[in-house]
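Data first, discussion second: the structure below is written as structure tokens.
Letters A, B, ... mirror the listed sequences (proteins, then strands); counts begin at 1. When reading the values below, keep in mind they use all heavy atoms of this one structure, side chains included, and skip hydrogens, waters and symmetry mates. Since the model is a prediction, treat every value here as computed from it, not as a measurement.
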Amino acid sequence: QIFINNEWHDSVSGKKFAVFNPATEEKICDVEEGDKADVDKAVEAARKAFELGSTWRTMDASQRGRLLNKLADLVERDRLILATMEAINGGKLFSNAYLLDLGACINSLRYCAGWADKNHGRTIPMDGNFFTFTRHEPIGVCGQIIPWNFPLVMFAWKIAPALCCGNTVVVKPAEQTPLTALYMGSLIKEAGFPPGVVNIVPGFGPTAGAAISHHMDVDKVAFTGSTEVGKLIKEAAGKSNLKRVTLELGGKSPMVVFADADLDAAVEFAHVGLFYHQGQCCIAASRIFVEEPIYEEFVRRSIERAKKYTLGNPLLPSVQQGPQIDKDQFQKILELIESGKKEGAKLECGGGPWGNKGYFIQPTVFSNVTDDMRIAKEEIFGPVQQIMKFKTTDEVIRRANNTTYGLAAAVFTKDIEKAMTFTAALQAGTVWVNCYSSLSAQCPFGGFKMSGNGREM
Amino acid sequence: MAALNGAVENGQPERKAPPLPRPLRGLEVEYTKIFINNEWHDSTSGKKFPTYNPSTLEKICDIEEGDKPDVDNAVEAAKAAFQRGSPWREMDALSRGRLLHKLADLLERDRVILATLETMDTGKPFLQAYFIDLEGCIKTLRYYAGWADKIQGRTIPVDENFVCFTRHEPMGVCGAITPWNFPLLMLVWKMAPALCCGNTLVIKPAEQTPLTSLYIGSLIKEVGFPPGVVNIVPGYGPTAGAAISTHHSIDKIAFTGSTKVGKLIKEAASKSNLKRVTLELGGKNPCIVCADADLDLAVECAHQGVFFNQGQCCTAASRVFVEEQIYPEFVKRSVEYAKKRLVGDPFDARTEQGPQIDQKQFDKILELIESGKKEGAKLECGGLAIEDRGLFIKPTVFSEVTDNMRIAKEEIFGPVQPIMKFKSIEEVIRRANNTEYGLTAAVFTKNLDRALTLASALQSGTVWINCYNALYAQAPFGGFKMSGNGREL
């Protein structure tokens, strides 16, 4: 149901929508479908909870921190339930959900809990006989629209900083994966957050999501998802009330491997960097540039690594790859794989669907990929690895930066000069050196160019 | 005191103040073209547009009219200047700072010329242009010159065995669209931080007031900024301005102007390439005077706060809330001040108020004044234009203003002071915050508790206590709600 003011509500319209298990294509359950009317109620509750003199506004900052820590305790207590739910709803490997997703969620909550009473302003030596200081105040009601690839982690990344600073939130989880967000509603109530501080309205983008981005009483919207929808959200913000906007969008992140790299490490990081969670990561290493001398060997080892996969029910410990999230994504990925074949890339392994039930796609590797191919330009968001060749540093810098995206990048080399040149030259929010996908609650994250506006954490 | 004031004559310290600067009568406008790559260009279309002196309503000169092709050329130049390995990218941060200091030096050298041009183009009193606008410009440039080599990132103790650090990098090509109320100052507020951090710029000054911005182009070249680092394209909003906000190679846009246009810019940024956006928009700023305030100080600050620059300030104190007990006295003294305000030729050293910027603004202000009369506010003084030619409006004071009147809700941007009454602090907080704007606010009181409570409760980017318009390079500036996104300075 819809979570407003620490209570569970039916949708105003009476409508529900179905939530599915992508491994079996079977319906899990129905969820109340929030639309504009429900968003309005949620915003009203959030606005009231934010009023001057309210419980939330008058609470000590340190106490806000304690509530976030309590929430983290409850997530730890119910870790098994949440991980199972996330795996079933998201098609996520259970071991990853339990260890990595839940781990990141708990860490983010605890990290932000610690910041709550350390949000410093400054005193400023201004000209003239004045006493000048800045005060960091909460923005107000924050709308947060969450994606389906890491539902619980993205939920925590959004609410933790917002609550830490004293805001109130209206969250719309992705329609494919609302279950863990709604479960968090129950924990938020149990932890003792005042009513109205966190409100959760499941529903669809064009209805509930648009209601948030257009709302005249929402002070800020934070969105993680596709670049296409990100543009619509920023536009809506401009058209309505100039709400502040942060966006975490797509990527076509380059990974550059030099001949002097530790080859085993590079192959492994490239592999996990792309195939993790069925390729459904904004930071997926979806363009791998390998220096000519080691190209053949790199491709050979990458194929070996990809072939060793067991696909199947993500709850089983022996399974290494689960399904894609839904039919739309499934078809889009297969279409891009076909374009790769048509445009002349060399299909080394995989290249098609797997099994007769569920949205499974075989781990796919393309070599001899050139920059003008669609698989080299468009975000695939699936288990498809592109490996291209390069000769010189200047060339690869130019090619790596030649994209409207700019989320992450990586360089593998033992040469410190090359490493430092790359960290400066690459137009990416995060650059990894001799590693990939290292994300931690302590470190800011966000994109250059059309990969996003602003930073999280 | 003697040590500060220069020469000692006949054993007596010099007592006279230094003479007031004098404007340059008959100044010829030298720079009227589009500035790209440190060179002056005609417009691609061949078109020009006139710029007027609002005091005399005469044309000053014609300016090359930039449009999309000129913006494209400017962006290309800015992009090339930002390339990896370019002179600007390779320059030490400290050297960037030195260039900004040199630019400040040249502004000091040409201060009278610039103040004269600014007065010709905007109608603002010459002495204000000289002592306030130009002072702000020079100080802002020097402030940012000092920051250039102090843009620090951090090392971060992440989990596990990693070295993690942040690096603050320049964004790239920044588009800047500046307004007509403080043309040079707003240009420097945009330029100085951007250049300090190593970005390159494409600037479109307001079509009403391009002169000082173009003059700065000549100084930028003289100082030695590499070609393409600063480019200036005069033109109109719907053409040149729109070309900037929709451009796919511009990484960020900064705009100061009306909330209405600010929304269009943010929309255009979203529709094109998600360029980053900062906006400094309008305000309907509350000035709250409590019964225990220093009354003379409050009256004077409120007066200057609303009438400064002919009322054409985003920070104008355009809703004055006065506690009941002192209301009649406050209104009486405010009317005295308003009646004494000298309106006239901005080149005359005695003038405090010049003309409004153009016919459109003039008409809008008079329309709002009429609405005040119609909706039942009490017209205490002023309320009409001064002569039947020219854009001069009498300093106007309305009392008995209520929150639902148009003059209490809409931004007037003219010499009109609405004064309202309040009873309690909770009430005035609610009423002061009851607007979609949130740029600045002021509180006059001697009570520390009340001052700090109001400072936290008011939804404004800046809150002044027992002062007004205290704006200096060191303090950040920007709006809550629909007064803007982000902060400058």
Side-chain angles (χ1 to χ4, degrees), chain A residues 52-53 107 122 124-135 137 139-140 216 219 227 230-245 247 249 394 397-398 401 404 423-425 427 430-433 435 438-444 447-455, chain B residues 84-85 139 143 154 156-160 162-167 169 171-172 248 251 259 262-277 279 281 426 429-430 433 436 455-457 459 462-465 467 470-476 479-487:
Chain A
L52 268 189
N107 284 350
R122 299 184 176 197
I124 296 174
M126 210 169 75
D127 288 349
N129 189 21
F130 294 101
F131 173 59
T132 304
F133 64 94
T134 59
R135 199 168 167 280
E137 307 184 338
I139 302 180
M216 294 303 284
D219 301 296
T227 295
K231 292 172 83 170
L232 296 175
I233 294 209
K234 187 164 168 164
E235 215 187 301
K239 279 201 164 109
S240 55
N241 69 338
L242 285 173
K243 54 176 69 62
R244 288 99 188 99
V245 176
L247 305 169
L249 309 176
D394 279 330
I397 288 174
R398 196 183 29 82
N401 283 338
T404 54
T423 57
Q427 290 165 346
T430 305
V431 180
W432 289 298
V433 178
C435 57
S438 309
L439 284 173
S440 193
Q442 298 82 7
C443 193
F448 279 32
K449 302 195 267 188
M450 290 179 84
S451 281
N453 287 170
R455 296 288 175 266
Chain B
R84 262 187 81 228
K139 287 216 157 128
Y143 177 75
R154 300 182 175 198
I156 297 173
V158 288
D159 290 348
E160 294 177 59
F162 292 101
V163 173
C164 178
F165 64 93
T166 58
R167 201 168 164 278
E169 308 184 339
M171 267 188 272
H248 279 264
D251 301 293
T259 294
K263 294 173 82 170
L264 295 175
I265 295 207
K266 187 162 172 164
E267 227 186 287
S270 327
K271 281 197 166 114
S272 53
N273 69 337
L274 285 172
K275 55 176 68 65
R276 286 100 189 99
V277 176
L279 304 169
L281 309 176
E426 290 70 42
I429 289 174
R430 197 184 27 85
N433 283 340
E436 58 186 22
S456 308
Q459 290 165 346
T462 304
V463 179
W464 288 302
I465 299 181
C467 58
L471 277 172
Y472 292 91
Q474 298 86 1
F480 279 31
K481 301 195 265 186
M482 289 179 85
S483 281
N485 287 170
R487 297 289 174 265

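Rounding to the nearest 0.5 Å places CG of A:Leu439 at 5.0 Å from CH2 of A:Trp432. Here CG of A:Asn401 is found 9.5 Å from CZ of A:Phe448. Values are rounded to the nearest 0.5 Å.
Contact annotation for B:Ile465: neither backbone nor side-chain heavy atoms come within less than 4.5 Å of a heavy atom of chain A. Contact of A:Thr404 with chain B is not made at all, since no heavy-atom distance falls under 4.5 Å. Of the two parts of A:Arg244, the backbone and the side chain both hold a non-hydrogen atom closer than 4.5 Å to a non-hydrogen atom of chain B. Residue A:Ala236: no heavy atom, backbone or side chain, is found under 4.5 Å from chain B. Using a 4.5 Å cut-off between heavy atoms, B:Arg167 contacts chain A through its side chain alone, with no backbone atom that close. For a residue to count as touching a neighbouring chain, one of its non-hydrogen atoms must lie under 4.5 Å from one of that chain's; by this rule A:Leu247 touches chain B with the side chain only. Proximity to chain B is absent for every atom of A:Phe131, based on heavy atoms less than 4.5 angstrom apart. Interface residue B:Phe165: only side-chain heavy atoms are found under 4.5 Å from chain A. Contacts between B:Glu436 and chain A at a heavy-atom distance below 4.5 Å are absent for every atom of the residue. When heavy atoms are compared at a cutoff of 4.5 Å, B:Ala268 does not approach chain A at all. Looking at A:Asp394, the atoms closer than 4.5 Å to chain B (heavy atoms on both sides) all sit in the side chain, from C-beta outward.
Ranked by heavy-atom pairs under 4.5 Å with chain A, the first of B:Arg154, B:His248, B:Glu267, B:Glu169 is B:Glu267. Put simply, of B:Ser456, B:Pro157, B:Ala473, the one with the most heavy-atom pairs under 4.5 Å next to chain A is B:Ser456. Comparing A:Leu249, A:Val433, A:Ile397, A:Val431 by heavy-atom pairs within less than 4.5 Å of chain B, the highest count is held by A:Ile397. When each of A:Thr423, A:Asn241, A:Thr430 is scored by its heavy-atom pairs under 4.5 Å with chain B, the top score falls to A:Asn241.
A:Arg455 contributes a side-chain N or O that, together with a main-chain N or O of A:Gly447, makes up a donor-acceptor pair within less than 3.5 Å.
Contact check for A:Val245 versus B:Lys266: side-chain heavy atoms found under the 4.5 Å cut-off. With a 4.5 Å cut-off on side-chain heavy atoms, B:Gln474 and B:Tyr143 count as touching. Between B:Tyr472 and A:Phe130, some side-chain heavy-atom pair lies under the 4.5 Å cut-off.
Contact record, A:Leu242 with B:Gly262: CD2-O, 4.3 Å, taken as the closest heavy-atom pair.
If you check the side chains of B:Asn273 and A:Lys449, you find no donor sitting under 3.5 Å from an acceptor.
The existence of a salt bridge linking B:Lys139 and A:Asp127 is confirmed by a sub-4.0 Å separation between a basic side-chain nitrogen and an acidic carboxylate oxygen. Between A:Glu235 and A:Lys239, at least one side-chain N (NZ, or NE/NH1/NH2) sits under 4.0 Å from a carboxylate O, which counts as a salt bridge.
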